[in-house]
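Structure, as structure tokens:
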There are 2 protein chains.
Amino acid sequence: MTDLSDTTPEREQALNQALEALFYAFNALVAHPDAMLAEQNLSRVHHRILYFVGRNPGVSVNDLLGILGVTKQSLNAPMRRLAELGYVRADTDAADRRVRRLSLTPAGQALESVLSGDQRARFARVFARLGAADEAGWRRVMAGLAEDEGLT
Amino acid sequence: MTDLSDTTPEREQALNQALEALFYAFNALVAHPDAMLAEQNLSRVHHRILYFVGRNPGVSVNDLLGILGVTKQSLNAPMRRLAELGYVRADTDAADRRVRRLSLTPAGQALESVLSGDQRARFARVFARLGAADEAGWRRVMAGLAEDEGLT
DNA sequence: GCTAAAATGTCAACATGACTGACCTATCTG
DNA sequence: CAGATAGGTCAGTCATGTTGACATTTTAGC
């Protein structure tokens, strides 16, 4: 079953099911947060900003551009919107006044907690039901997929 | 570790790592096919069409719209392009001449095989290295995430 | 202290892609 | 024949992302 040289139609179908499982799980995970964001006319980009600013309070705008892999022009609009809605604050750095240190307001933390919390809760329920062994196996497979990036 | 009532910061961080692992794995999986598609000015939509038509030869356009969850207007352009490039053919149904039966040409099958084959190979390598137990655990977790869709 | 460079923000022009709405042909069904 | 169905297309709109150019503020080097 785990032989690399197994190229039977059955194995190919099993791998196709793995492909589809990844896509379905991904969609299931973002569906509800996307719907909540849409109620405020926000999108997944805003969630990504909230998530990374939340986990890296004090990041500069430039750092965030690198993390998100977007241009400053495309970050500008969603970031301004998040600031207007009172979810993100940008404080001038004390030492270097050119730099803005980004952080979440309490409201921003609350929103981020609801959005990512929904996703964490999905994982928590599944992990709790299936047990530590499956969770560990899942993590090893996901890490393996991410590492494998360099190959053809 | 798998207790649902575990709301410690450590557990929350472990769940965040699970979230990130899913996103990184997803990106790693689509990166190379996306790059190959871009060389022909195609995108992920075209791959989705090739994948579903390849696994459901003879589907009607309407069926495909339902599977992909898009409008016929947005399917029209990529589908026409795939037909022009000789990857997809649309044969009139013998019984009901209103209906087009979609299928892949040999060239379309070859392209789809390269694109999805790259993704299957990534899974095959990781599964082969980690073993059947981790593969089974991974599949159970992914299935659980997809099923869990209905909750808050 | 003057100058070059860095960090940020903004404006304009353009491309993409998806959506809705409207309309059309061809075909089937009652 | 009348209405419904499968498919295709045109037009308008909207959201988002990109590049390029430019201004401001501030820092750092000489």
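Just so we're on the same page: letters track the sequence lines, and every chain starts at 1.
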Ordered by number, residues from residues 80-98 of chain B within less than 4.0 Å of DNA chain C (heavy atoms) are B/Ala95, B/Asp96, B/Arg97, B/Arg98

The correct set of residues in residues 42-55 of chain A placing a heavy atom under 4.0 Å from DNA chain C is none

Chain A vs DNA chain C, heavy-atom contacts under 4.0 Å, first-to-last nucleotide span, 5' to 3', is C/dA6 to C/dC11

Any donor-acceptor pair under 3.5 Å from A/Thr105 side chain to A/Gly86 backbone: yes

- Query: Checking A/Gln119 side chain against A/Leu29 main chain: does a donor-acceptor pair fall under 3.5 Å?
  - Reply: yes

Rounded to whole Å, the CE-C1' distance (B/Met79 to D/dG7) equals 11 Å

For a quick test of your reading: what N or O donor-acceptor pairs under 3.5 Å do the side chains of residues 12-26 of chain B make, sequence neighbours left out?
from: B/Asn16; atom 1: OD1; to: A/Arg120; atom 2: NH1; distance (Å): 2.8
from: B/Glu20; atom 1: OE2; to: A/Tyr51; atom 2: OH; distance (Å): 2.5

To the nearest 0.5 Å, atom CG of B/Leu37 lies from atom CG of B/Leu111 at 6.5 Å

For residues 99-123 of chain B, the ring pair (Phe, Tyr, Trp, His ring centres under 6.0 Å) pairs (sequence neighbours left out) are B/Phe123-B/Phe127, B/Phe123-B/Trp138

Worksheet item: Is there a side-chain contact (heavy atoms from CB on, under 4.5 Å) between A/Asp134 and A/Val126 once you walk through the steps?
Response: CA-CA 10 Å; A/Asp134 281 1; A/Val126 173; over 6 Å; no

*asked:* Tell me if a side-chain donor or acceptor on B/Asp6 pairs with a main-chain N or O of B/Thr8 at a distance below 3.5 Å.
replied: yes

- Query: Looking at side-chain heavy atoms only, is the closest gap between A/Ile49 and A/Leu75 below 4.5 Å?
  - Reply: yes

- Verify side-chain contact (heavy atoms from CB on, under 4.5 Å) between A/Glu135 and B/Arg140, making sure each step is shown before the conclusion. CA-CA 9 Å; A/Glu135 175 177 347; B/Arg140 281 191 289 270; over 6 Å; no

Does the pair A/Asp93/A/Arg101 count as a salt bridge with the N-to-O cut at 4.0 Å?
yes

Here the residues of residues 70-77 of chain A within 4.0 Å heavy-atom distance, strictly under, of DNA chain C are A/Lys72, A/Gln73, A/Asn76

| said: Could you check whether atom CZ of B/Arg89 has more than 12 heavy atoms from other residues, nucleotides or ligands sitting under 6.0 Å from it? | reply: no

- Query: Salt-bridged, B/Asp91 to B/Arg100, with N to O below 4.0 Å?
  - Reply: no

